[in-house]
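Hydrogens, waters and symmetry mates are skipped; everything else that's a heavy atom, side chains included, is used.
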Amino acid sequence: MANRKRIGILGGTFDPVHIGHLRGALEVAEFMALDELRLVPSARPPHRETPQVGARDRLAMVEQAVADLPPLRVDDRELRRDKPSYSIDTLESLRSELAVDDQLFLILGWDAFCGLPAWHRWDELLQHCHILVLQRPDAGSEASEPLRDLMAARNVADPLALQGPAGQLSFIWQTPLAVSATQIRSLLANDRSVRFLVPDAVLAYINAHGLYRG
Ligand code: ATP
């Protein structure tokens, strides 16, 4: 078991990537002692509006954000697929590259977790990974009954006690940051500053490419 890898994945539109994603990802990676945490930008998210900025720019901004920031890295497999970004496909594809006892952790903000029952083949997700839920101070969503049943059946109080390659769920504390990409897009559209809400390199990319401005 000594060589068993621990890999986290955080999917999102990253339109644009911001400190809520990055600080959360870094804290989870350190707390969980992950070997790597992959940010996975989605191409055509099935459950939400088309991103305002194209895949190439969103990917480039995530690349800028995690450059020189191991264990964070980018995984662009959803952008290489010519179909909607279903997490179940991403998990199956990742699993096929891992050893059977490697641990995979799907990281979801609370709002994303609350939307889980609408995901394609959502009841199969835990066959491939554990789920770690991040609190999100700006999210007002509530867990529906299927999710409350899932929590009752699979929740483990201590995220460090998650056993085996997949199958359990835990909630993880992080520094609460009420930042959203929606807020950042709106600030930029109104010609306001987003300094300190995104890494400077991401802001430089936004400015260089004239993204999100009104
Ligand atoms: P938008 O405002 O466009 O909906 P977003 O800020 O929610 O975007 P996404 O790319 O949709 O960003 O989020 C990807 C993942 O990161 C989701 O699981 C989401 O819950 C989580 N997340 C985003 N922002 C935060 C935050 N501030 N704190 C914790 N988790 C977050």
Side-chain angles (χ1 to χ4, degrees), residues 4-14 20-42 45-48 71-75 77-78 84-177 180:
R4 188 185 63 184
K5 276 207 273 181
R6 288 163 69 80
I7 296 175
I9 59 174
L10 174 65
T13 41
F14 303 117
H21 305 125
L22 295 163
R23 184 67 212 170
L26 195 56
E27 289 187 8
V28 170
E30 288 189 337
F31 180 76
M32 295 295 294
L34 300 182
D35 297 294
E36 53 188 66
L37 193 158
R38 302 185 186 194
L39 280 76
V40 187
S42 52
H47 305 294
R48 47 179 296 163
L72 304 194
R73 48 172 286 194
V74 188
D75 187 318
R77 76 186 60 218
E78 292 192 0
S85 298
Y86 291 127
S87 294
I88 189 73
D89 296 332
T90 303
L91 289 168
E92 285 179 346
S93 147
L94 258 167
R95 264 286 161 217
S96 70
E97 297 167 11
L98 300 176
V100 281
D101 58 354
D102 285 344
Q103 289 185 299
L104 202 49
F105 300 92
L106 178 66
I107 299 153
L108 299 171
W110 171 253
D111 58 316
F113 176 69
C114 288
L116 210 60
W119 289 20
H120 184 54
R121 292 164 59 198
W122 80 282
D123 50 342
E124 294 172 46
L125 295 170
L126 282 173
Q127 292 172 17
H128 304 285
C129 63
H130 295 298
I131 292 179
L132 289 174
V133 184
L134 295 176
Q135 61 182 327
R136 191 159 173 192
D138 56 335
S141 327
E142 262 187 51
S144 57
E145 199 178 328
L147 279 180
R148 291 201 301 273
D149 290 346
L150 185 78
M151 289 190 268
R154 304 295 186 103
N155 190 50
V156 171
D158 177 2
L160 292 173
L162 292 172
Q163 298 284 331
Q168 296 171 313
L169 168 79
S170 194
F171 288 78
I172 191 159
W173 190 90
Q174 56 148 19
T175 304
L177 289 165
S180 71

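Between atom CD1 of residue Ile88 and atom CD of residue Gln127 there is a gap of 7.0 Å, rounded to the nearest 0.5 Å. Considering CZ of Arg121 and CD of Glu92, their distance stands at 4.5 Å, rounded to 0.5 Å. Atom CD of Glu78 sits about 8.0 Å away from atom CD1 of Ile9, to the nearest 0.5 Å. Distance check: Arg95 CZ to Cys129 SG gives 8.0 Å after rounding to the nearest 0.5 Å. Leu134 CG to Phe113 CZ: the interatomic distance, rounded to the nearest 0.5 Å, is 11.5 Å. To the nearest 0.5 Å, atoms CD1 (Ile7) and CZ (Arg73) are separated by 8.0 Å.
Taking each heavy atom of Leu162 and Met32 in turn, the nearest pair found is CD1-CE, 4.4 Å. Taking each heavy atom of Met151 and Ala143 in turn, the nearest pair found is CE-CB, 3.6 Å. Taking all atoms of both residues into account, the shortest heavy-atom contact from Cys114 to Pro117 is O-CD, 3.6 Å. Across all non-hydrogen atoms, the minimal contact from Leu37 to Leu34 is CD1-CD1, 3.9 Å. The shortest non-hydrogen separation linking Ser87 to Trp119 is OG-CZ3, 3.3 Å. What you find for Leu10 and His21 is that their closest heavy atoms are CD2-O, 4.0 Å.
Arg154 places a side-chain N or O within donor-acceptor distance of the main-chain N or O of Gly167, the cut-off being under 3.5 Å. Judged by distance alone, with hydrogens and angles left aside, the side-chain atoms of Asp35 form a donor-acceptor pair with the main-chain N or O of Arg6 at under 3.5 Å. Checked by atom type and distance alone, the side chain of Asp75 never pairs as donor or acceptor with a backbone atom of Val40 at under 3.5 Å. A donor-acceptor distance shorter than 3.5 angstrom exists from the side chain of His130 to the backbone of Gly164, with no hydrogens or angles considered.
Using bins of under 30°, 30° to 60° and over 60° for the plane-to-plane angle, the ring pair His120/Tyr86 lands in the tilted bin.
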Requested in this report: Show the numbers, then the answer: is there a side chain to side chain contact (heavy atoms under 4.5 Å, CB included) between Ser93 and Thr90?
Outcome: CA-CA 5 Å; Ser93 147; Thr90 303; 5.8 Å; no
**Report entry** Worked verdict on Leu126 versus Leu150 for side chain to side chain contact (heavy atoms under 4.5 Å, CB included)
**Finding:** CA-CA 10 Å; Leu126 282 173; Leu150 185 78; 3.8 Å; yes
Requested in this report: Check step by step if side chain to side chain contact (heavy atoms under 4.5 Å, CB included) holds for Leu106 and His128.
Outcome: CA-CA 9 Å; Leu106 178 66; His128 304 285; over 6 Å; no
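Checked against side-chain hydrogen bond (donor to acceptor under 3.5 Å, both in side chains), Glu142 has no partners two or more places apart in sequence or in another chain.
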Taking distance alone, no hydrogens or angles, what donor-acceptor pairs closer than 3.5 Å link side-chain atoms of residues 168-177 to residues at least two apart or in another chain?
residue, atom, partner, partner atom, Å
Gln168, OE1, Gln163, N, 2.8
Ser170, OG, Val156, O, 2.7
Gln174, NE2, Gln135, O, 3.2
Thr175, OG1, Glu27, OE1, 3.4
Thr175, OG1, Glu27, OE2, 2.7

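Between Pro146 and Trp122, the closest side-chain pair of non-hydrogen atoms falls below 4.5 Å.
Residue Glu145 qualifies as open at atom CD: its count of foreign heavy atoms under 6.0 Å is 12 or below.
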